[in-house]
Each structure stands twice: as structure tokens, then as C-alpha cells.
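Atom set for the values below is all heavy atoms of this structure, side chains included, hydrogens, waters and symmetry mates excluded. Every chain is numbered from 1 and lettered A, B, ... according to where its sequence line falls, protein lines coming before strand lines.
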Amino acid sequence: MSGLAQNPASTIIRAGAAMDCQPWPRMLLRQEAWTVMAAALAREPGLALIALWADPTDIHALFVDEAAGAVLFASVPVQGGRYPALSPTRPGAAWYERMIADLWGHTAQGGTDGRAWLDHGRWPQVFPLATRPGPAGPAPEPPEFLPTDGQDLHQIPVGPIHAGIIEPGHFRFTAQGETIARLEIRLGYTHKGTLSLMRGKSPRVAARFAARLSGDSTVAHSLAFSHATEAALGVEIPMRAVMLRAVMAELERMANHLGDIGAICNDASFAFAFARFGFLREEILRASSFAFGHRLMMDCVIPGGIAADLAPGGAETIAQALASVEAELPALIRIYGNYASLVDRMATTGVIAPNLTAQFAAGGYVGRAAGRQVDARRFPSYPPYDAFPPTIPVLITSDVDARVRIRLAELTDSARLTQALLGAVAHGPISVTLPMGSGEGIGVAESFRGDAWHFVRLEGGLITANFMRDPSWAQWPLLEAAVEGNIVADFPLVNKSFNGSYSGVDL
Amino acid sequence: MVWRRIARNLLDGPATEPPGTIPEATTRALAAQLDATAQPRLGRSLAIRHVDCGSCNGCELEIHALNNIVYDLERFGLHFVASPRHADVLLVTGPLSRNLREALDRTVEATPDPKFIIGMGDCAVDGGVFKGSYAVEGGIGAAVTVDLLIPGCPPTPTQILAGLRALLEANAAT
């Protein structure tokens, strides 16, 4: 009983019926138990909701208790098209519940937000992932935005097509003069029906979709998808593949950090940093292309291993690119800190309230800049990071500056890690053949943006259900909170410091 | 540090690479196409507006690369603009998600004539891997008349640049 008093929700989940899923069992709860668990989450703030999704018959929730070092996976059957909502006790569940309603047609009973999300009324059908999708409804209605009430408020609608080279989304600002009183983000414009395309396919074929959930994290999502598939099938992959996957993941992290830090500085009109960081990014991409055959390393990580071996001379080329980065980075870090006009734009801009980053279980540089020492490479961890642990930088100011400095620190660490990994790459095969098996698996990988989680269910070698959770699910709602009280002109800077993926959450 | 680097660049020359050659066949085909439609000359400079119709953001990363100092797009008279009203070219990526169709139609309408429409990436060509999904129209050709396709997943900056420069040359030749 003491467990119940201390960790009421975890205790209820652990008491469910364990279904076979690797490496964490899926605990099936009855609706009554799920209802009690949902309410009990209020008394267990340490149990973070990572993802919420569905299949035609069940709802699935993935939790992480960082302090206890536990990953908990719970399911509940849908009854009469309904399931008890989690959003009253976990605000991050609201977008997931809206997504589940649009794709599967299951209603979150007692949910905080019942508005449509991905379904803009433009598809030829409704509930595309349900066993029997319904016919499309009448012509689309204009979206409903949250009401605002106050003096001298005006609205600024932005998008879906933005002014830069960027993905589409609609930002509805409510401003009082220059100050943002509220931002509401409406996404779904890049919805491609990716989950439905993956069903009925073998993991090797479906990996091409995981690789295109979010192009900037193609290695990380391919990795998380492969981890899930390999867990479901009980497959061990060769050590050479493990090491080269990590090299690719670190190169991807560095390329994104370099590009984004330059772009953030550019949004504050500091063209010098944009030029130099952009140049270093290009060096990393060219080395990646030479070593692995693709600048973004798309389709290079596949379930069972990697698609092609490191090209002859690849290790040396990567080492040269790393040397360029390591040679220039200390100077660039000094320059970043020394220009008062730049720091003035970055510091104290776009601060997130600390309780919110915990509530939304923010990972990546958004979480780490807000005092959260989280990194999927450390927990739950996966090979080879158990043998090559990353250094995890943490800051507490939670502003644009902190998010940039976290990424600068990670760049240095990734360069170090990549060199260590390259020096220890074993000889041997680079992949194994996957058996035509059945099973469920969960996989995780730390993308440059944060923790990416994948679930996959295989029957007779084919995917029957899956979900892909990009870290942006936690970060977009926090962007809404971070810009409150900032001036409209600082929005691009704050937005770029988050760099949420549109495609990653639009599915 | 900033000034030292700038001084070094003045001595060593810029990081920008020489432009390379454009496939002649592409130029000829485009010139013929432009002749046929009798597009008035726009001069040797083109303003480009990017429109993302549901890409995975891979194409956008490589478009961004065009603006880095290695490719330096603007030396060719090509530059990206913030509004379709300022654009000669729409550079369209993605498989054309149904949720973005209306926005694309409105963007095309807002772009003054004469205009060129380029489909970039395998998705824009025919939907790419997303072909057949309920949520996409399967390539931008479903909504607009496309002047030039640049395939690839994503195309490299060099390939994008070759396509854009071919358009520039063909435009100047008419």
C-alpha cells in the first residue's frame, strides 16, 4: 500500500495485465483502472507522459519516471468509441488526444480540448486509421481559435505559408501593442498519412517512411524505428553496425546544431556567425556524403544494421571535418559570448516557466536549457552509449541564450564522441537478415532535438500497428508558453531556438 | 576573432566554389519551352519564393545550404523573397498534402505573371514515397503547371543550383 501512496499511478500501471512487448512489457488496464490512474497522475508529478497514441481497439500511453529509472507502457481498450482522457492531469496529452480523435475516431472522455487537429476537413475520408474509415464530412469549417478577452488586443494571423524557407503551419498571435499575450499554433498542414502507409509493409520497406518523418532527424528516427523492430523480433545486430550508427547519429546532431546556431544568430542579424557555422555544417554534410553516400544519411540506418559500409577513406574524411569544427569552434564560442548586441537579443528572451518543461517532459536542448538532465543516450540508454557515455550539459535560465549554449556544448562533446567511436569501430558484418516474426517493440534514440520514441507491432513479418513520437510533440506547446510577454519581433528568434519539426508531429 | 577571419578571407579568397557547368540539354529544353510560351524576358535575375507542400523538411535543409558561403546563390542573381508577390519563381517541395492545397492555390494566384513553377524533390514529382496516401495529391502537378522538375531525395545543392541556373540561362536566351 505504501507504493500506492507514494506513486499511485505507477502502482496501478504495474498491476495491469502484462502483454508481451520488448524491452518493456505493455500493461493492459481495464477502463476503471485507467480512470483511477489518470486521476492519480496528479499526485505523481515525476511520471512524465512521453506519448499517447492508439490502434483500432486500444489506447497506448508511454511514461518515463526519470527518478525511478523506469519506463512504463500502459494500454486501455476503447469502449463505445471512448476512453478516459489524460489531458486533465497531463496537459501534454491534449494534442495527442486530438490526433487520436482525427486518425482513429476514438474520443477522449473528459479531455480538455475536443477541437480537430490533423484533420482539416480536406481528406476524402475521416478516421483514416480506423478499421473502417468513414466518408468525408461536409465542406471544411474555418478553424476555431481559443477566445481572448481583454483591452486593446489584436490578432496577427501568420501562415500556413511563412516568409522564410520553412515548413508550413499557422501561428495565431494575440498581441497587446508589441507584446504577445498569447500564441496558438495550428499544425497538420504537412500531414502525409505516414502511419497508414507503413501498415502492411515489412520493416525494411517501412523504414523509408520512418526516415522521412522529419528529414533533419532522418538518422535518429531510422535508428529508433530499427531499435523498436529489432526489439520486437529479438534481433541482435553486429557491433560494427552499432558503432557506425552512432557515428551517423553524432554527425547528424553536429550538422543540425551548426546549421541552427548559425541561423539563430542570423535571426539576430549577426551574419558572421551564420557564414562560419554554415560553412562548418557544409563540411560535415560533405564528409557524411563521402563516408555513407548521402549528405543527410537518409536510408543509411535500416532495421537489422546499416545499408552500406563506411566508404574507404571515410573515417579519415570524417576526422578531417571534425578537425575543422574543433579548430574553429572555440573561437566561434568566444565570439558568440563577446558581442553584446547579440547577447542582448538572446539573453532573457523566450523563457519557459520551469514547471512547464517538467509537465511536458521536454527533452533535448529545450529541456536541458531548463535544468532537466535528460538524454535518451544516458537513460534509458542504448548501445554503444553505455560504453561511450555523452556529457550532458545543463543550464537553468531556459532562454534563447541557454538553448544556444547547450547546443554549443553538445557540439564539442559530439566531436569528441565521434572521434572516440571512429577509433573503436570493430571489423565484421554490417547487418543481419530479419526473421519474418511477430511481436511488439519500443525503440528510442536521442535526435539532435531530443528523445525520439517508436512503437511497432509486427505480425508474420509485417507491420500491423505503429507510432512515431518526435520530440517536437513536447516542444511546440512550450513554444506557445515561451513567447508570452515577449515582443512580436522576437518571435523568429525564439521559434528558431526551439526549431520544432512540423512534419515530425503532423505525421 | 571576427576581424582576423575576415582579413584572412581577403587574403585567401572566399570559400565559395566555382559554379561548374549546367547540362546543355536542360538549358535547350527549357529555352524551347520558354520560346513556345513566349514568356517576356525577366532579365538575368530571378526572385524565388519557396512553398513547402508537405515535405519532410529534407528539401528545405538543402535549399538553406544554397544560401551558405560555399554555394552563395545570390552571385547568380538568384535570391529568395518573403512574399509570392515579389516572386518570379515558385520553388515547390513536398507531395502536395491535401491540407496545404488551398494555400498553394492562393500562393500561385498571388504570384504575378510571368512566373515559373519548379517542383523540387521526388515528392513534388509524383508524391515520392507518399504516393497513394489518402492525405496527399501525389505531386504538385495535380494543382499547377510545372515548368521544371528537380528530382532527388532530397536533391543536392549542386543539383538544385544546376536546375535554377538552367532556368536563368534559358530565360536570358529567349
Task: A:K192 side chain to B:L96 backbone, donor-acceptor under 3.5 Å - done: no
TODO: For residues B:F130 and A:H191, establish whether the separation of their ring centroids is below 6.0 Å.
DONE: no
Open item on the list: Can you tell me which of A:H162, A:E282, A:M298 forms the most heavy-atom pairs within a distance under 4.5 Å of chain B?
Closed with: A:E282
Task: Contacting moiety of A:F274, where chain B heavy atoms sit under 4.5 Å - done: side chain
Open item on the list: With a 3.5 Å distance limit and no angle check, can you tell me whether B:R49 reaches the backbone of A:A163 through a side-chain donor-acceptor pair?
Closed with: yes
Task: Part of B:P154 within contact of chain A (heavy atom distance under 4.5 Å) - done: both
Open item on the list: What part of A:I166 gets within 4.5 angstrom of chain B, counting heavy atoms only: side chain, backbone, both, or neither?
Closed with: backbone
- [ ] May I ask you to name which of A:P168, A:G278, A:S217 has the most heavy-atom pairs under 4.5 Å with chain B?
- [x] A:P168
Open item on the list: What I want to check is whether the side chains of A:S214 and B:N57 have a donor and an acceptor closer together than 3.5 Å.
Closed with: yes
Task: Region of B:D72 in contact with chain A, defined by heavy-atom distances below 4.5 Å - done: neither
Open item on the list: Rounded to the nearest 0.5 Å, what separates atom CZ in A:F277 from atom CG in B:N68?
Closed with: 14.5 Å
Open item on the list: A quick test of your reading: do over 12 heavy atoms of other residues, nucleotides or ligands sit less than 6.0 Å from CZ of A:R115?
Closed with: yes
- [ ] Quick one: which of B:C123, B:G128, B:C153 has the most heavy-atom pairs under 4.5 Å with chain A, could you say?
- [x] B:C153
Task: Proximity breakdown for B:F80 and chain A, heavy-atom pairs closer than 4.5 Å - done: side chain
Task: Heavy-atom closest pair, residues B:C56 and A:S503 - done: CA-OG, 3.6 Å
Open item on the list: Is A:F272 in contact with chain B via its backbone, its side chain, both, or neither, using a 4.5 Å heavy-atom distance?
Closed with: side chain
Open item on the list: Can a donor-acceptor pair be found, under 3.5 Å and without considering hydrogens, that links the side chain of B:N99 to the backbone of A:G188?
Closed with: yes
- [ ] Using a 4.5 Å cut-off on heavy atoms from C-beta on, say whether the side chain of B:V2 contacts that of A:R276.
- [x] no
Task: Nearest heavy atoms of A:G193 and B:Y134, plus distance in Å - done: CA-OH, 3.5 Å
Open item on the list: Is it true that, when you exclude A:R199 itself, more than 12 heavy atoms of the residues, nucleotides or ligands shown sit nearer than 6.0 Å to its CZ?
Closed with: yes
Open item on the list: Report which part of B:V136 has an atom under 4.5 Å of a heavy atom belonging to chain A: side chain, backbone, both, or neither.
Closed with: side chain
Task: Pairs of heavy atoms under 4.5 Å with chain A: top-ranked of B:E60, B:R98, B:R101 - done: B:R98
Task: Non-hydrogen side-chain atoms of B:L100 and A:R122 separated by less than 4.5 Å - done: no
Open item on the list: If I take atom CH2 from residue B:W3 and atom CD1 from residue A:I335, how far apart are they, to the nearest 0.5 angstrom?
Closed with: 11.5 Å
Open item on the list: Does any backbone or side-chain atom of A:H294 lie under 4.5 Å from a heavy atom of chain B? Answer side chain, backbone, both or neither.
Closed with: side chain
Open item on the list: With a sphere of 6.0 Å drawn around CZ of A:R132, does it hold more than 12 non-hydrogen atoms of other residues, nucleotides or ligands?
Closed with: no
Open item on the list: For A:R212, which atoms come within 4.5 Å of any heavy atom of chain B: side chain, backbone, both, or neither?
Closed with: both
Open item on the list: With a 4.5 Å cut-off on side-chain heavy atoms, are A:L197 and B:V129 touching?
Closed with: no
Open item on the list: Can you tell me which portion of A:F209 sits under 4.5 Å from chain B's heavy atoms? Options are side chain, backbone, both or neither.
Closed with: side chain
TODO: To the nearest 0.5 Å, tell me how far A:Y189 OH sits from B:L104 CG.
DONE: 14.0 Å
- [ ] Please state whether the side chain, the backbone, both or neither of B:S83 comes within less than 4.5 Å of a heavy atom of chain A.
- [x] neither
TODO: Grab the two heavy atoms, one from B:T107 and one from A:I161, that are nearest each other, plus how far apart they are.
DONE: OG1-CD1, 3.0 Å
Task: Heavy-atom proximity to chain A below 4.5 Å, by part of B:V70 - done: side chain
Task: Presence of salt bridge, A:R286 and B:E17, under 4.0 angstrom - done: yes
Task: Residue among B:P84, B:S55, B:C53 with most heavy-atom pairs under 4.5 Å to chain A - done: B:S55
Task: Closest-packed option against chain A by number of heavy-atom pairs under 4.5 Å, given B:E62, B:H50, B:R5 - done: B:R5
Task: Contacting moiety of A:Q125, where chain B heavy atoms sit under 4.5 Å - done: side chain
TODO: Could you check if a side-chain atom of B:N67 sits within less than 4.5 angstrom of a side-chain atom of A:I165, using non-hydrogen atoms only?
DONE: yes
